[in-house]
Amino acid sequence: MPWKIGTLCLYGLFFQSLLPFVSEAADPEVLKQRVPQDQIAEARGWKNPFPSTPENLGKGKRVFHGKAFCVTCHGRDGKGLGKIPGLVGKLPRNFTDKTWQAARTDGELFWILKNGSPGTDMASFIPLVLSEEEAWHVLLYVRAFGN
Ligand code: HEC
């Protein structure tokens, strides 16, 4: 029946329009809370003491590409590398995803740099690799991927 084909096409268009969301933001793993419930209120209260000036962003960029080797997993464009051997299913998220950016406070991201991200291969970086100051700078740079 001809009308059925029309209906199918409409469904097709509908699902296609959902695809960009399905492939990124709708992945529940991406938005899952990583900070334990008993620490989340405290972590969300932490504010980045450094303003996002070109100078501070530059410091964050140097950390991201340099001593903290964030770039090796999160990619030059912040989109993650897509496939890292041994990390299948736990791939770094896309830092340019605005839904993810909006879902996290700076304090939560800082908590993750301090403690690692439970359930993922993201390790703890403070204090072994980064000082707290360097961590806040690199987070300014992570935030800039969302602009
Ligand atoms: C060995 C690879 C690797 C390195 C190096 C690495 N990360 Fe990650 N990172 C991951 C993985 C895997 C995850 C977990 C999946 C995810 O959350 O994207 C993650 C998660 C994160 C998250 C949490 C995202 C969230 O909301 O849950 C942040 C923020 C982050 N990384 C920032 C950094 C920064 C900044 C650096 C450098 C200081 C860094 N990462 C270095 C692999 C890495």
Side-chain angles (χ1 to χ4, degrees), residues 8-147:
L8 275 180
C9 287
L10 275 182
Y11 274 128
L13 278 178
F14 176 67
F15 284 115
Q16 223 173 12
S17 67
L18 284 179
L19 260 184
F21 303 102
V22 172
S23 55
E24 285 178 10
D27 179 354
E29 275 297 302
V30 172
L31 300 181
K32 196 168 138 184
Q33 183 181 311
R34 300 292 170 180
V35 180
Q37 197 53 38
D38 61 337
Q39 296 174 50
I40 188 84
E42 189 193 354
R44 285 192 177 143
W46 299 336
K47 301 275 177 272
N48 197 328
F50 300 97
S52 188
T53 59
E55 195 198 340
N56 287 337
L57 276 173
K59 287 183 185 168
K61 185 176 181 180
R62 278 196 291 285
V63 169
F64 191 86
H65 288 267
K67 68 186 278 190
F69 50 89
C70 322
V71 67
T72 54
C73 297
H74 290 284
R76 299 185 73 80
D77 56 4
K79 291 183 176 172
L81 294 187
K83 252 192 174 49
I84 303 173
L87 290 184
V88 181
K90 304 177 194 170
L91 297 174
R93 70 202 51 262
N94 179 356
F95 287 152
T96 69
D97 173 2
K98 289 192 191 312
T99 313
W100 169 77
Q101 287 276 358
R104 294 282 195 257
T105 66
D106 289 344
E108 278 177 273
L109 298 183
F110 188 80
W111 187 97
I112 288 170
L113 287 183
K114 243 183 142 128
N115 299 280
S117 180
T120 81
D121 289 316
M122 174 67 189
S124 143
F125 280 81
I126 309 167
L128 278 183
V129 183
L130 299 178
S131 67
E132 297 204 348
E133 187 172 326
E134 287 168 325
W136 286 121
H137 284 138
V138 79
L139 285 179
L140 292 178
Y141 189 65
V142 166
R143 285 302 194 198
F145 284 119
N147 293 335

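One N or O on the side chain of Arg34 and one on the backbone of Pro118 form a donor-acceptor pair closer than 3.5 Å. Between the Asn56 side chain and the Ser52 main chain, no donor and acceptor come within less than 3.5 Å of each other. Remark: side-chain polar atoms of Lys79 are not paired, donor with acceptor, to backbone N or O of Phe95 under 3.5 angstrom.
Among residues two or more places apart in sequence or in another chain, the side chain to side chain donor-acceptor pair (under 3.5 Å) test is passed with Gln101 by Arg143. Gln33 pairs by the side chain to side chain donor-acceptor pair (under 3.5 Å) definition with Gln37, not counting sequence neighbours. Not counting sequence neighbours, the partners of Pro49 by the side-chain contact (heavy atoms from CB on, under 4.5 Å) test are Trp136. Legend: residues meeting side chain to side chain donor-acceptor pair (under 3.5 Å) with Lys114, ordered by chain and number and at least two apart, are Glu132.
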Hey, can you pull the donor-acceptor pairs under 3.5 Å for the side chains in residues 60-71, sequence neighbours left out?
{"residue": "Lys67", "atom": "NZ", "partner": "Glu134", "partner atom": "OE1", "Å": "3.2"}
{"residue": "Lys67", "atom": "NZ", "partner": "Glu134", "partner atom": "OE2", "Å": "2.9"}

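Using a 4.5 Å heavy-atom cutoff, the side chains of Leu113 and Val138 are in contact.
For the atom pair OG1 (Thr53) and NZ (Lys59), the distance works out to 7.5 Å, reported to the nearest 0.5 Å.
Counting only residues at least two apart or on different chains, the ring pair (Phe, Tyr, Trp, His ring centres under 6.0 Å) pairs with a member in residues 28-53 are Trp46-Phe110, Phe50-His137.
Of all non-hydrogen atoms in Leu57 and Leu140, the two that sit nearest each other are CD2-O, 3.4 Å.
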Please lay out, stage by stage, how Ser117 and Ile112 fare under the test side-chain contact (heavy atoms from CB on, under 4.5 Å).
CA-CA 5 Å; Ser117 180; Ile112 288 170; 3.8 Å; yes
Does the pair Thr96 and Asp77 meet the rule for a side-chain contact (heavy atoms from CB on, under 4.5 Å), with working shown?
CA-CA 8 Å; Thr96 69; Asp77 56 4; 5.9 Å; no
Test side-chain contact (heavy atoms from CB on, under 4.5 Å) applied to Thr99 and Leu31, step by step
CA-CA 8 Å; Thr99 313; Leu31 300 181; 4.1 Å; yes
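The pair Glu108-Arg44 meets the salt-bridge criterion, since a charged nitrogen lies less than 4.0 angstrom from a carboxylate oxygen.
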